[in-house]
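The structure appears below as structure tokens.
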Amino acid sequence: MKKSIITFAAAAAVGLGTIFGGISVKTEAASISSLKGEQNKIQNQRSEIKSGINQANDKISKLQNQQADVKSEMKRLDLAISDATEKIDDKTAKMKETKVQIVKLQGETKVIKERIEKRNVLLKDRARSYQETGGMVNYLDVLMGSTSFSDFIDRANAVATIMQADQDIIQQHEADEKELEKKQTQVKNDLASLQKMLDDLKQMNQQLNTQKAEKDKLLAVLVDKEEQEHEHAMDLSEQAEILAAQDAAIQRSIKQEQERQAKEAAQAAQAAQAAKAAQAKNNSANGGGSGGSGGGGSTAAPHVSSGSFTRPAPGVITSGYGGRGGSFHWGFDIAQSGGNVPIFAAADGEVYVSHYSSTYGNVVYILHNINGQTYTTVYAHMQRSLVGAGTNVKKGQQIGVMGNTGDSRGQHLHFELYKGRWQYHSAINPSGIVPL
Ligand SMILES: [Zn+2]
């Protein structure tokens, strides 16, 4: 019992490879269930991607809030900086004024010093004459020497005037010196306090500018992060779109498979009846498939090679599958210059995506079912696509024109092959499968 189940399973597994040969109904049932399994996988992936997009959007709005915070902080810093700058300008102007005053004061000081110097000479002269003549005695002599009363009055007045003048000179002298000292101190203090304020302001301004530079940096980081999230979101939504289309295509292919099976069953019944009717002769219509290459291909154009796949475009291979300068190249690049270079479907199948992508440009996705194995091919950077989603195409049928759209440098076809359904970054090396 167990052994027969295992044998059956093995037969089913082998039969998968030759589904279109139509050997056994059991194999076809297995094919449908594998398609359904794939459909479930896709649905799971779609919901994962959806929650991925939601997460990305949450991150974007969080980053946008953070950016708004940083921007308002920067506005505050800008205001503080312009306030400080204004104050610096003001203090600088005041210092300039004070320095002008200092120069003026230095001029005045010179005059006063000269005056003081002159008076010093005068007072020294007088002091010397006092010493030589005995000081006040000299004045008495002057007074005693008067010839008349009016002469005495004149002399007394003269002496008083001279004495007053001496007194005035000394007072003026002291006042001048005091005034000078006061002015010098005042200006010195003014200048020092202005210098201090200016230094403080300059330091504050420097701190504010440093803070602003830090905020600038932070904002740049936040903007960059948001950019990445956008890219991530865009990427995911494109993926979601492709997966949704793929889901629909697989559903259609399940339906087609069911219809084909029903038709085959009817044909088998008919054949059985015919065989019964033609009992006389030996079994005639009982041969059957032998696996290997799929049907079609007899109407091949010159560029179409035999086998299930054909080369998707004329031209030279400019880049193969694999690592390339730090990044991974998920396909083959075929380049040919000139206008209207055709791009062909690599195999029979159904176009399920034909759209514009910022990375792939005008791109076509085709789902193939080759001897029970699902394949997906992708044709990127086309100048234009000639097929829409839902179009059934034949191997070698022109589907577009080679171009340079999307993230592309120079006219070429970027071709990707997937074993099974399309899945982001899971393309396989087409060499050995697709003639390139
Ligand atoms: Zn490429």
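Note that ligands are numbered from 1 as they come in the structure, with each ligand's atoms numbered from 1 the same way.
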If the cut-off is 2.8 Å, does any N/O/S atom of His329 fall short of it from the Zn ion (ligand 1)? yes

Would you say the Zn ion (ligand 1) has His414 as a near neighbour, meaning an N/O/S atom of that residue under 2.8 Å away? yes

Name, closest N/O/S atom of Asp333 to the Zn ion (ligand 1): OD1

Sequence neighbours excluded, every pair satisfying salt bridge (charged side-chain N to carboxylate O under 4.0 Å, His left out) that has a member inside residues 91-103: Asp90-Lys94

Please tabulate, for the side chains in residues 68-89, all donor-acceptor contacts under 3.5 angstrom to protein atoms that are two or more places apart in sequence or on a different chain.
residue	atom	partner	partner atom	Å
Ser72	OG	Asp69	O	3.0
Glu73	OE2	Arg76	NH2	3.1
Asp78	OD1	Lys212	NZ	2.9
Ser82	OG	Asp78	O	3.4
Ser82	OG	Leu79	O	3.0
Asp83	OD2	Lys87	NZ	3.4
Thr85	OG1	Ile81	O	2.6

Lys/Arg N to Asp/Glu carboxylate O, Glu264 vs Arg260, below 4.0 Å: yes

Hey, can you tell me if Phe309 and His368 have their rings parallel, tilted or perpendicular (30° and 60° cut-offs)? perpendicular

